[in-house]
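Quick caveat, the model's predicted, so the values are computed rather than measured.
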Amino acid sequence: MVGEEGAFVLGWDEVLTEEELSVTLKVLCMSEEEFKEYKEQNGWEDDSNEEENSTLSNEALSRLKTPCKKLLYDSVLLTLESYRSDLKAEQDLLSNKAAYEKLSRREQQALHVRYGQKRILHQLLELVH
């Protein structure tokens with residue numbers, strides 16, 4: 001459903017791979033009976049009208065049903081655990097000018113990327129908690 005990497009792309013304001021996340025959440029949060037019906041129908045029939053009106057903005061994420069919110073919350077925690085350092089460590093390094101300047105240009109860029117990723121993940125935790 002989500003490709004080989006099994007990852008979703010999140011932005012500051014919405015999920016950028018919203019169709020993939022929406023379908024994944026629907027399937028993972030189905031009851032056994034709903035899943036059997038889903039498999040028998042080879043997915044949902046044309047529900048494009050529903051999909052067009054279901055943009056996964058941050059506001060929409062905060063209104064998800066509890067099981068879907070829990071699934072997202074736990075997934076975000078697992079993702080954050082995969083990093084070697086936490087958000088505070090990145091903030092501390094960014095605010096320590098002497099330590100930051102000792103990093104190579106590539107390390108500085110990687111730091112900014114990790115920091116941005118972690119901020120988005122922490123924002124998602126707040127939305128679905």
Side-chain angles (χ1 to χ4, degrees):
M1 278 184 268
V2 294
E4 290 182 19
E5 292 185 22
F8 301 105
V9 181
L10 306 172
W12 285 110
D13 300 317
E14 65 187 16
V15 176
L16 302 177
T17 54
E18 68 181 74
E19 183 178 348
E20 292 89 345
L21 181 58
S22 179
V23 170
T24 301
L25 288 174
K26 282 181 184 179
V27 170
L28 293 176
C29 294
M30 285 179 179
S31 67
E32 186 176 343
E33 184 61 34
E34 290 169 325
F35 185 68
K36 284 179 184 176
E37 184 179 321
Y38 173 78
K39 283 185 3 181
E40 289 170 6
Q41 293 178 1
N42 292 323
W44 287 279
E45 294 185 13
D46 185 20
D47 55 32
S48 56
N49 290 337
E50 177 186 328
E51 295 300 322
E52 288 174 13
N53 296 324
S54 65
T55 301
L56 286 178
S57 65
N58 287 349
E59 183 181 332
L61 287 170
S62 67
R63 291 191 319 260
L64 288 172
K65 293 178 183 176
T66 301
C68 291
K69 287 169 85 172
K70 170 108 173 79
L71 181 62
L72 275 177
Y73 187 86
D74 291 345
S75 298
V76 169
L77 288 180
L78 284 172
T79 302
L80 286 169
E81 287 175 8
S82 70
Y83 287 96
R84 290 184 181 179
S85 61
D86 62 10
L87 182 64
K88 177 149 178 22
E90 307 292 2
Q91 288 171 330
D92 291 346
L93 187 52
L94 282 167
S95 64
N96 183 337
K97 188 174 180 176
Y100 179 80
E101 289 178 352
K102 289 181 183 177
L103 298 174
S104 70
R105 180 75 179 136
R106 185 178 180 148
E107 290 170 324
Q108 290 173 354
Q109 290 171 339
L111 173 63
H112 284 282
V113 169
R114 284 192 315 272
Y115 178 68
Q117 290 170 340
K118 290 175 188 177
R119 285 190 54 212
I120 289 172
L121 290 170
H122 279 275
Q123 175 181 289
L124 182 55
L125 282 179
E126 292 296 319
L127 290 169
V128 297
H129 189 10

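How far CG of Leu64 is from CG of Leu127: 9.5 Å, rounded to the nearest 0.5 Å. We find the NZ-NE2 distance between Lys88 and His122 to be 12.0 Å, quoted to the nearest 0.5 Å. Interatomic distance, Leu25 CG to Met30 CE, rounded to the nearest 0.5 Å: 11.0 Å. To the nearest 0.5 angstrom, Leu93 atom CG is 5.0 Å from Leu111 atom CG.
Between Lys39 and Phe35, some side-chain heavy-atom pair lies under the 4.5 Å cut-off. In this structure, the side chains of Gln109 and Val113 stay at 4.5 Å or more apart for every pair of heavy atoms. Residues Arg105 and Gln108 form a side-chain contact, since some pair of their non-hydrogen atoms from C-beta on lies under 4.5 Å apart.
A continuous path of ILVMFWY side-chain contacts below 4.5 Å connects Leu28 to Leu124, so both sit in one hydrophobic cluster. Under the 4.5 Å side-chain heavy-atom criterion for ILVMFWY residues, a single connected hydrophobic cluster contains both Leu56 and Leu121. Linking Ile, Leu, Val, Met, Phe, Trp and Tyr whenever their side-chain heavy atoms come within less than 4.5 Å leaves Leu16 and Trp12 in two separate clusters. No single ILVMFWY cluster, assembled from side-chain heavy atoms under 4.5 Å apart, contains both Leu125 and Leu87.
With salt bridges taken as basic N to acidic carboxylate O contacts below 4.0 Å, one links Glu59 and Arg63.
Side-chain contact, Glu90 with Tyr83: no donor N or O sits under 3.5 Å from an acceptor N or O.
For the pair Lys69 (side chain) and Ser62 (backbone), a donor-acceptor distance under 3.5 Å is present. At distances below 3.5 Å, not a single donor-acceptor pair connects side-chain atoms of Thr17 with backbone N or O atoms of Phe8.
Taking every heavy atom of both residues into account, Pro67 and Cys29 meet most closely at C-SG, 3.9 Å. Residue Glu14 comes nearest to Asn58 through the heavy atom pair N-OD1, 3.8 Å, listed as atom of the first residue, atom of the second, then distance. Between Tyr100 and His112, the shortest heavy-atom contact is OH-NE2, 2.8 Å.
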Under 3.5 Å, side-chain donor or acceptor atoms of residues 70-80 against the rest of the protein: list the pairs with distances, not counting sequence neighbours.
from: Lys70; atom 1: NZ; to: Asp74; atom 2: OD1; distance (Å): 3.2
from: Lys70; atom 1: NZ; to: Asp74; atom 2: OD2; distance (Å): 2.7
from: Ser75; atom 1: OG; to: Leu71; atom 2: O; distance (Å): 2.8
from: Thr79; atom 1: OG1; to: Ser75; atom 2: O; distance (Å): 2.9

